[in-house]
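Step one of this worksheet: look at the structure below.
If you're wondering where the values come from, they're calculated on a predicted model, not measured in any experiment. In what follows, chains carry the letters A, B, and so on, assigned in the order in which the sequence lines appear, proteins first and then strands, with residues in each chain numbered from 1.
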Number of protein chains: 2
Amino acid sequence: MSADAEPAPVSAKPPVTLREVAAAAGVSVATASKALNGQGRMTAETRERIRETARMLGFRPNSLAQSLLRKRSFTVGLLTNDTYGRFSLPLMAGVSDALVDKGVSVFLCNVEDDQRLGQLHVEAMLDKRVDGIVATGKRIDRHLPVDLSNLRIPVVYAFTQPDPGAVGLVSDDAGGARLAVEQFLRLGRRRIAHVSGPASFAVVHTRAEAYRDVLRENGLPTAEPLLGAWSEAWGRDAVARLFGKAGSWPDAVFCGNDQIARGVIDALRERGISVPDDVGVIGFDNWEIVAEATRPPLTSIDMNLASLGREAGLALLSLVDGQPAAPGIRKLPCRLVVRQSCGSPPQ
Amino acid sequence: MSADAEPAPVSAKPPVTLREVAAAAGVSVATASKALNGQGRMTAETRERIRETARMLGFRPNSLAQSLLRKRSFTVGLLTNDTYGRFSLPLMAGVSDALVDKGVSVFLCNVEDDQRLGQLHVEAMLDKRVDGIVATGKRIDRHLPVDLSNLRIPVVYAFTQPDPGAVGLVSDDAGGARLAVEQFLRLGRRRIAHVSGPASFAVVHTRAEAYRDVLRENGLPTAEPLLGAWSEAWGRDAVARLFGKAGSWPDAVFCGNDQIARGVIDALRERGISVPDDVGVIGFDNWEIVAEATRPPLTSIDMNLASLGREAGLALLSLVDGQPAAPGIRKLPCRLVVRQSCGSPPQ
DNA sequence: TCCACCTGAGAAAACCTTTTCCCAATCCGC
DNA sequence: GCGGATTGGGAAAAGGTTTTCTCAGGTGGA
């Protein structure tokens, strides 16, 4: 390991090839290949001898040669424009997780919002003969800055806007919103407000609609959601509007994301309003770094992004294997993560 | 694009090969190859004709075949145990960014803290003949759960503990801490406290030592740093200790990370102590999501992780090209990002 | 006119593995 | 003992590209 131990393997000996294994075992490469792959016919003794030789020599087949022949590279590309962001990370982990067991590796390609970069990455992946592509982004209602519609390999969209006719996986935002509002109802809350992000986001409307639906189904008056930004500042601002004037204050606030929820909780505390005793709060995204830092810790809706990624990986794999998949958007359920910001059920 | 436009290319025609280009141009594959690569000798007219044919046919060379021959796959592996985390993301983006222009793609491998998974990923990468590996982690003072010391391909360590004799890149934590403390001094602060994370982290000591050094160099009394957790709660706790008793309160707090700093700022505000008028605060990491949400926004030390990643990518590339690199750890400077939590210079 | 040299281009090997034939030897039943 | 089936294993092509070698024809000089 140190300088004087060995003549420093500047470039270590090349990997051992099948030919060398065959030579060492005294058979032809064809026989060696078949022995190692469990193909062909030969005596059990021969097969075992070849295997043992391969093991001794530390033989590992060259994926490049295999891929060239099989026209399958056991490699997929993961395209994202959200490397820094919150959403594609768990998603990426899920994709990678679903594929590693099948021996499939993942090329990570961050295209930012740059057409040129996107083009570059897609061409590089195509040249390297990836078996398929998972496209993911930071917004469910926006396209990646690349055209993947006429590729000769399958594409699965996860947490981004799919091309028409493609298969897409997204979180069930409406279901997630229902989960939150229904939790409030179960806890006996009746005056439930909704504070969410900018109207330019599709999910803002999806969640708001589900919020209204649940209230209506339960015969409760629906209040107009307050739309603003995805920030703590807006959460604080919204509290000023909701609780600024005298009158019937909400006893629950369903927030469009965890940062808004944090702003809401901070502002309520500063007004001397107790969470969860006076007002319950539920966030969205279950971003642990935020949800666990609020006082009290924040109950939130988790979009199960890792599962989403796993499903995307598996869907892509079956597409690669030639299984036709039903095109269209599949919605995966969210999950309520209970912490302490919305109280316990009434006795 | 829609169902009736074309017979839906279930599996589109295979990519065009060099052989087809050669046939279409009426030359041999050898000549075609040389024409496209600018090698060999032929009339300018022939070369141009072949190039034009290739362009028309949309020819793109098969990377797999090229790699097999050249023994270079133009592919590297990025190993991390911090997929969800804060640090490896900008770093990954930097690595990818440095390599994409050179036509090098990056395999993303998240090994968590799992030996088996690490082994699996490394073997998969080796089989796929990656040209090199960048190893990165969530802590500068911990090893990844894999042994990369006897690989026959180059390895560069970034933001993780390198093997002896390898090349490693880390942030200059001491320099970063100096930057913070010196900024306070420049602003006329003299009673500077330091609140940091757990003693089990090497960086805690590195930064604390630099903090003491700067104070000593300036003839100021050094106070013992307060060590705790990397959390907001600990930041609030530390304020209670520093400002709880009467006496000479600090006029500046240098925090070990941004979350601690946020706790500090929140607790100061709750005590009616003004930031930055009464007390200046500087954080570490420059995690925008935190630094921009504090009230006031947080001045912080940025570790330039994207640059670190870029440097790591370039270092790996030159190693792959056979340039011997000086082994050992190279430290890259941090950067002070000024927001509003430490005030303006005195007039 | 002849020879040496250059020019343009092709044939073939190489990279490493898989798979499809193919062949020789052995075995079986009659 | 003989024809056919089976068995164990090998030769060779395929996959797509690069590179080295070879070669035919042309050019220039003597």
Side-chain angles (χ1 to χ4, degrees), chain A residues 11 13-51 53-54 57-75 103 124 126-131 152, chain B residues 11 13-51 53-54 57-75 103 124 126-131 152:
Chain A
S11 70
K13 47 210 161 303
V16 6
T17 69
L18 186 60
R19 187 202 309 277
E20 301 176 64
V21 174
V27 298
S28 70
V29 286
T31 306
S33 170
K34 284 181 285 198
L36 297 176
N37 294 314
Q39 305 289 326
R41 290 176 314 198
M42 67 199 69
T43 54
E45 188 269 328
T46 305
R47 194 180 293 274
E48 191 43 50
R49 177 165 48 88
I50 297 174
R51 290 201 161 143
T53 311
L57 263 44
F59 169 75
R60 310 227 61 194
N62 184 332
S63 267
L64 261 31
Q66 290 181 319
S67 302
L68 188 57
L69 201 54
R70 300 192 193 159
K71 301 177 166 318
R72 261 300 288 281
S73 65
F74 288 89
T75 284
L126 257 25
D127 287 349
K128 295 203 166 104
R129 297 302 191 264
V130 295
D131 297 330
R152 58 171 176 278
Chain B
S11 70
K13 48 208 161 304
V16 7
T17 70
L18 186 59
R19 187 200 310 276
E20 302 176 65
V21 174
V27 297
S28 69
V29 285
T31 306
S33 170
K34 284 180 286 198
L36 298 176
N37 294 315
Q39 304 289 325
R41 288 178 315 197
M42 67 199 68
T43 55
E45 188 270 328
T46 305
R47 194 180 295 274
E48 192 43 50
R49 177 165 45 89
I50 296 174
R51 291 205 160 137
T53 311
L57 264 43
F59 169 75
R60 310 226 64 195
N62 183 333
S63 266
L64 261 32
Q66 290 182 318
S67 302
L68 187 59
L69 201 54
R70 300 193 194 160
K71 300 174 166 320
R72 263 299 290 280
S73 64
F74 288 90
T75 284
L126 257 25
D127 288 349
K128 296 201 166 106
R129 296 304 190 265
V130 294
D131 297 330
R152 59 172 174 276

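For B:Arg41, the side-chain atoms get nearest to C:dA9 when compared with the rest of C:dT17, C:dA9, D:dG16. Listed candidates were C:dT19, C:dA14, C:dA12. Nearest to the side chain of A:Ser33 is C:dT19. Checking D:dT17, D:dA14, D:dA12 against the side-chain heavy atoms of A:Ala30 singles out D:dA12 as nearest. The listed nucleotides are D:dA11, C:dT17, C:dG8; the one nearest the side chain of B:Met42 is C:dG8.
Neither OP1 nor OP2 of D:dG15 sits under 4.0 Å from any side-chain N or O of B:Asn62. A sub-4.0 Å separation between OP1 or OP2 of C:dT17 and a side-chain N or O of A:Arg70 is absent. In terms of phosphate contacts, A:Gln66 brings a side-chain nitrogen or oxygen within less than 4.0 Å of OP1 or OP2 of C:dT18. One finds no side-chain N or O of B:Ser28 lying less than 4.0 angstrom from the OP1 or OP2 phosphate oxygen of C:dA11.
Among the heavy atoms of the strands lying under 4.0 Å from A:Thr43 are primed sugar atoms or P, OP1, OP2 only; no base atom is included. Nucleic acid contact for A:Thr17: sugar-phosphate only, since backbone atoms but no base atoms lie under 4.0 Å from a heavy atom of the residue. Among the heavy atoms of the strands lying under 4.0 Å from B:Lys71 are primed sugar atoms or P, OP1, OP2 only; no base atom is included. Residue A:Thr46 is in sugar-phosphate contact alone, with no base atom involved, counting any heavy-atom pair closer than 4.0 Å across all strands shown.
Rounded to whole Å, the distance from CG on B:Leu64 to P on D:dT17 is 11 Å. If you take CZ of B:Arg129 and P of D:dT17, they are 20 Å apart, rounded to a whole angstrom. Across the protein-nucleic acid pair, A:Ile50 atom CD1 and C:dT17 atom C1' stand 15 Å apart, rounded to whole Å. Residue A:Leu69 contributes atom CG, which lies 12 Å from atom C1' of C:dT20 at whole-angstrom precision. When rounded to the nearest whole Å, the span between CG of B:Leu18 and C1' of D:dG15 equals 13 Å. Look at CD on B:Glu20: it is 8 Å from P on D:dG16, rounded to the nearest Å. The NZ atom of A:Lys128 sits 16 Å away from the C1' atom of D:dG16 (whole-angstrom rounding). Straight-line distance from the CD atom of B:Gln39 to the C1' atom of D:dT17: 13 Å, rounded to whole Å.
Comparing B:Glu45 and A:Thr31 by the nucleotide of DNA chain C that holds the closest heavy atom to each, the one mapping nearer the 5' end is B:Glu45. Nucleotides of DNA chain D nearest to A:Leu68 and A:Val29 differ in position, and the one nearer the 5' end is that of A:Val29.
A heavy-atom distance below 4.5 Å is not found between the side chains of A:Thr17 and A:Asn62.
Summarising the geometry, atom OG1 belonging to B:Thr75 is positioned 4.5 Å from atom NZ belonging to A:Lys128; distances are rounded to the nearest 0.5 Å. Residue B:Leu68 holds its CG atom at 9.0 Å from CZ of B:Arg129, rounded to the nearest 0.5 Å.
When all heavy atoms are compared, the tightest approach of A:Asp131 to A:Phe74 is OD2-N, 2.7 Å. Closest approach of B:Lys34 and B:Arg47 over heavy atoms only: O-NH1, 3.2 Å.
Residue A:Arg19 qualifies as open at atom CZ: its count of foreign heavy atoms under 6.0 Å is 12 or below.
For C:dG8, the base has no donor-acceptor partner in the side chain of B:Lys34 [N/O atoms by modelled type, under 3.5 angstrom].
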